[in-house]
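Structure, as structure tokens:
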Amino acid sequence: AQPGNIEGFVPGTLSFDSIAWNHPRAADILVDANWTDALNTEGYRGFTTSTGVAGHGSTSPFDIHIRLIADGPDIADGIVSPVPTGNIDLAPTICSLLGIERPTSMRGRVLSELFPDGPVPESVTVQAETRTVSAENGYHLELKTSQVGQTIYIDSTRVTRHAGQ
């Protein structure tokens with residue numbers, strides 16, 4: 001696949017660029033478990049075909065979206081922010097709080113909307129995008145992302161297949 005292209009080299013797959021899987025420790029192939037909006041065995045929405053006791057979850061919004069709770073003297077009281085975040089933002093935010101210059105190689109963003117003098121979370125611009133790749137056999141893969149500044153977050157993926165697939 002061409003750099004920056006959403007389509008992987010196999011029809012109907014995502015490129016590693018589109019999901020930030022283009023780093024030195026990345027595996028050669030990444031497979032995600034199927035998921036649905038159905039109730040899981042614990043009674044919560046988000047059923048997955050993944051089995052076992054360990055793993056990183058699927059790309060369902062039920063696995064990807066978790067709570068980030070922050071507290072301390074440099075964190076605003078009572079903020080509930082709808083702005084996307086990810087683990088990638090923790091190191092830049094901690095560097096900022098400690099007054100440490102972040103390395104140029106560090107990705108992610110400072111979660112300044114959580115700071116007392118930061119922007120109101122609702123004023124932070126979030127750009128949502130949905131892109132789809134397909135294969136001739138009726139297989140479609142949808143990638144939903146959100147972008148804040150230069151940082152892109154994967155919100156979910158969803159696979160659809162024509163009947164009989």
Side-chain angles (χ1 to χ4, degrees), residues 3-4 6 14-27 29-132 141-159:
I6 185 176
L14 296 170
S15 71
F16 287 170
D17 280 352
S18 69
I19 58 170
W21 193 252
N22 51 354
H23 55 82
R25 297 181 323 152
I29 189 169
L30 177 64
V31 178
D32 189 30
N34 288 329
W35 65 270
T36 69
D37 296 336
L39 296 179
N40 61 32
T41 56
E42 302 301 320
Y44 296 100
R45 294 190 102 32
F47 178 82
T48 180
T49 58
S50 180
T51 61
V53 295
H56 295 284
S58 70
T59 54
S60 83
F62 305 103
D63 284 343
I64 287 180
H65 295 181
I66 62 168
R67 301 259 185 261
L68 169 64
I69 298 172
D71 190 22
D74 294 323
I75 303 295
D77 290 333
I79 296 250
V80 176
S81 175
V83 182
T85 65
N87 290 346
I88 195 169
D89 301 327
L90 295 177
T93 301
I94 292 168
C95 284
S96 177
L97 288 169
L98 295 174
I100 299 171
E101 185 175 331
R102 71 188 257 186
T104 56
S105 61
M106 187 178 287
R107 297 182 354 194
R109 66 182 185 86
V110 175
L111 302 176
S112 58
E113 67 274 14
L114 302 182
F115 299 168
D117 60 348
V120 174
E122 290 75 18
S123 72
V124 175
T125 301
V126 178
Q127 296 174 319
E129 183 175 24
T130 300
R131 301 186 305 174
T132 304
L141 174 57
E142 178 182 88
L143 171 66
K144 290 187 176 189
T145 59
S146 294
Q147 183 169 347
V148 179
Q150 297 300 311
T151 305
I152 299 173
Y153 304 94
I154 297 174
D155 294 324
S156 67
T157 65
R158 181 178 291 272
V159 169

Side-chain atoms of residues 96-104: list all donor-acceptor pairs with protein atoms under 3.5 Å, sequence neighbours left out, distances to 0.1 Å.
from	atom 1	to	atom 2	distance (Å)
Arg102	NH1	Gly108	O	3.4
Arg102	NH2	Met106	O	2.9
Arg102	NH2	Gly108	O	2.9

query: Just wondering, do Phe47 and Ser58 contact through their side chains at under 4.5 Å, heavy atoms?
result: no
query: Counting N and O atoms only, with roles assigned by atom type, does the side chain of Trp35 sit under 3.5 Å from a partner on the main chain of Thr157, one being a donor and the other an acceptor?
result: yes
message: Are the side chains of His23 and Phe16 in contact, using a 4.5 Å heavy-atom criterion?
response: no
- prompt: Under a 4.5 Å cut-off applied to non-hydrogen side-chain atoms, are Ser60 and Arg158 in contact?
  reply: no
query: Any side-chain heavy-atom pair from Phe62 and Asp37 closer than 4.5 angstrom?
result: yes
query: Yes or no on side-chain contact (heavy atoms from CB on, under 4.5 Å) for Thr130 and Glu142, after CA distance, side-chain angles and deciding distance?
result: CA-CA 7 Å; Thr130 300; Glu142 178 182 88; 3.4 Å; yes
query: For the residue pair Pro92 and Ile88, what are the closest heavy atoms and their distance?
result: CD-O, 3.3 Å
Validation: residues 115-123 side-chain donor-acceptor distances under 3.5 Å, sequence neighbours left out:
from	atom 1	to	atom 2	distance (Å)
Ser123	OG	Val120	O	2.6

- request: Scan residues 79-94 for pairs that pass side chain to side chain donor-acceptor pair (under 3.5 Å), counting only residues two or more places apart or in two chains.
  value: Asp89-Tyr153
- request: Measure the CG-CG distance between Asp71 and Asp77 for me, rounded to the nearest 0.5 Å.
  value: 7.5 Å
query: Do Val126 and Gln147 come within less than 4.5 Å of each other through their side chains, counting heavy atoms only?
result: no
query: Looking at Ala20 and Arg107, what are the two nearest heavy atoms and their distance?
result: CB-NH2, 3.7 Å
message: Just so I know, are the side chains of Val80 and Arg67 near enough to count as touching, which here means a heavy-atom distance under 4.5 Å?
response: no
query: Does the side chain of Glu129 reach to within under 4.5 Å of the side chain of Gln127, using non-hydrogen atoms?
result: no
query: Distance from Arg45 atom CZ to Asn40 atom CG, nearest 0.5 Å?
result: 10.0 Å
field: Ile66 CD1 to Leu68 CG distance, which is reported to the nearest 0.5 Å
entry: 8.0 Å
message: side-chain contact (heavy atoms from CB on, under 4.5 Å) for Val148 and Val83? Distances and angles first, verdict last.
response: CA-CA 8 Å; Val148 179; Val83 182; 3.9 Å; yes
- prompt: Is any side-chain heavy atom of Ile154 less than 4.5 Å from a side-chain heavy atom of Leu143?
  reply: yes
task: Would you please say whether a donor-acceptor pair under 3.5 Å links the side chains of Asp155 and Ser146?
output: yes
- prompt: So, Thr59 and Asp32: side-chain donor and acceptor under 3.5 Å apart, yes or no?
  reply: yes
